[in-house]
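Any value given below was found using the heavy atoms of this structure, including those in side chains, with hydrogens, waters and symmetry copies removed.
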Amino acid sequence: MDQIPDFVLTLVSWISSGAMIFGGVVPYIPQYLDIRQKKSTEGFSTYVCFVLLIANILRILFWFGHPFELPLLLQSILLVAAMLFLLQLCTKFPADHELATQSYHFVDFEWSHFWRWSHFRDYVQFLASFTITMVMLTALLMPLTVYIEFLGFCALITEAMLGAPQFYHNFKNKSTAGMSVKMVGCWLSGDIFKTIYFLMKNTPPQFYICGSLQVMIDISILLQVLVYSKSTALLPKMP
């Protein structure tokens, strides 16, 4: 069998890298369009945005101490931007009716209303405070290998729990109404591809271990769609 030409291998590498960079954003396009069309965030947990923002800010900082694949860094930067756009839309149509009548702000420092603020600028203030704090801490502890590895672990385990807020939200409401099934389907396909990519690129073990955890959570959410849709179908219809 003839050896595969170098240009083919290069092309495949470029395609896989491009898919890695932009593929992380694709799952959120259906959810963004659903929210904008329905003018409601009912069924979608904004803690998904929280998890992704924190995970990718930490991952970007991790790169400065332990450089990894450039496509993964670009993916993180793009995901931060995408989550800010999604979060801005969510603040226009809050599912929490309490936010429609009262104002809550980050500077109030009320734990009971954490990540349930009234305006987009409050989320930006929190993220700016978190980022500045972590940049200063990382600059101070950069020489310590144990800190850098711990930072990378925190970034990956946080991202691995991406679907957990949505899973809990569905479980609490016993419904997946308002959640984009397309989004979760894209999560699953993307996480499978990402985990295989990690294995092929010989990334640190934390990457593919956390990727495998994400795949399991994605499957659990899709099972919720099946279970709760059956439960809804069994409910007696109103006359």
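Side-chain atoms of Thr176 never come within 3.5 Å of backbone atoms of Asn170 as a donor-acceptor pair (strictly under, hydrogens ignored). For Thr91 (side chain) and Gln88 (main-chain N/O), a donor-acceptor pair under 3.5 Å exists by modelled atom type. A donor-acceptor pair under 3.5 Å is absent between the side-chain atoms of Lys38 and the main chain of Ile35, judged by distance alone.
Screening residues 51-60 for side-chain hydrogen bond (donor to acceptor under 3.5 Å, both in side chains), with sequence neighbours left out, gives Asn56-Ser76, Arg59-Gln75, Arg59-Ser76, Arg59-Glu159.
When every heavy atom of Ser175 is checked against every heavy atom of Tyr228, the shortest pair comes out as N-CD1, 3.8 Å. Closest heavy-atom contact between Lys194 and Gln214: NZ-OE1, 3.0 Å. Minimum heavy-atom separation, Thr133 to Ser129: OG1-O, 2.8 Å. Ser118 and Asp122 make their closest contact through N-OD2, 4.2 Å (heavy atoms, listed as atom of the first residue, atom of the second, distance). Taking all atoms of both residues into account, the shortest heavy-atom contact from Cys186 to Val26 is SG-CG1, 4.4 Å. Across Trp187 and Pro27, no two heavy atoms sit closer than the pair CD1-CB, 3.5 Å.
Summarising the geometry, atom SG belonging to Cys90 is positioned 13.0 Å from atom CZ belonging to Arg36; distances are rounded to the nearest 0.5 Å. Atom CH2 in Trp115 sits 7.0 Å away from atom SG in Cys49 (nearest 0.5 Å). How far NE2 of His105 is from CD of Glu110: 10.0 Å, rounded to the nearest 0.5 Å. To the nearest 0.5 Å, the span separating OG on Ser220 from CG on Leu188 amounts to 10.5 Å. Distance check, rounded to the nearest 0.5 Å: CE of Met83 to CD1 of Ile57 gives 12.0 Å. Annotation: the span from Gln166 atom CD to Tyr47 atom OH amounts to 13.0 Å, rounded to 0.5 Å.
Ile209 places none of its side-chain heavy atoms less than 4.5 Å from the side chain of Leu213. Inter-residue side-chain proximity for Leu127 and Leu84 is flagged as met; some heavy-atom pair is nearer than 4.5 Å.
Side-chain heavy atoms closer than 4.5 Å link hydrophobic residues (I, L, V, M, F, W, Y) into clusters, and following such links, possibly through other members, connects Met142 to Leu61. Both Phe120 and Phe93 belong to a single network of hydrophobic side chains, linked directly or stepwise wherever heavy atoms of I, L, V, M, F, W or Y lie under 4.5 Å apart. When the side chains of ILVMFWY residues are joined at heavy-atom separations under 4.5 Å, either directly or via intervening members, Val181 and Leu162 end up in a single hydrophobic cluster. A continuous path of Ile, Leu, Val, Met, Phe, Trp and Tyr side chains, each step under 4.5 Å between heavy atoms, connects Phe130 with Leu140, placing both in one hydrophobic cluster. Note on Val124 and Phe85: separate hydrophobic clusters, where clusters join Ile, Leu, Val, Met, Phe, Trp and Tyr whose side-chain heavy atoms are under 4.5 Å apart, directly or indirectly.
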* To do: Decide yes or no on side-chain contact (heavy atoms from CB on, under 4.5 Å) for Leu53 and Leu87, but give the supporting numbers first.
  => CA-CA 10 Å; Leu53 284 165; Leu87 195 56; 4.2 Å; yes
* Could you walk me through whether Leu79 and Tyr28 pass side-chain contact (heavy atoms from CB on, under 4.5 Å), step by step? => CA-CA 10 Å; Leu79 273 169; Tyr28 304 97; 4.2 Å; yes
* Stepwise, does the side-chain contact (heavy atoms from CB on, under 4.5 Å) test hold for Phe62 with Leu72? -> CA-CA 11 Å; Phe62 175 55; Leu72 295 177; over 6 Å; no
* To do: Walk me through it: do Met179 and Asp34 pass the test side-chain contact (heavy atoms from CB on, under 4.5 Å)?
  => CA-CA 9 Å; Met179 181 196 74; Asp34 282 352; over 6 Å; no
Residues 147-158, side-chain donor-acceptor partners within the protein, below 3.5 Å, at least two apart:
from, atom 1, to, atom 2, distance (Å)
Tyr147, OH, Thr138, OG1, 2.9
Glu149, OE2, His66, ND1, 3.0
Thr158, OG1, Cys154, O, 2.6

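In summary, of the residues considered (Asp218, Ile221, Val184), a side-chain contact (heavy atoms from CB on, under 4.5 Å) with Phe167 occurs for Ile221 alone.
Between Phe126 and Phe50, the ring planes lie tilted relative to each other; the angle falls in the 30° to 60° range. Phe106 and Trp117 have perpendicular rings, their planes meeting at more than 60° on a 0 to 90° scale where under 30° would count as parallel.
For Tyr168, the OH atom sits in a loose shell: 12 or fewer heavy atoms of surrounding residues, nucleotides or ligands are nearer than 6.0 Å. Counting heavy-atom neighbours within 6.0 Å of Phe64 CZ, excluding the residue itself, gives a total of 12 or less.
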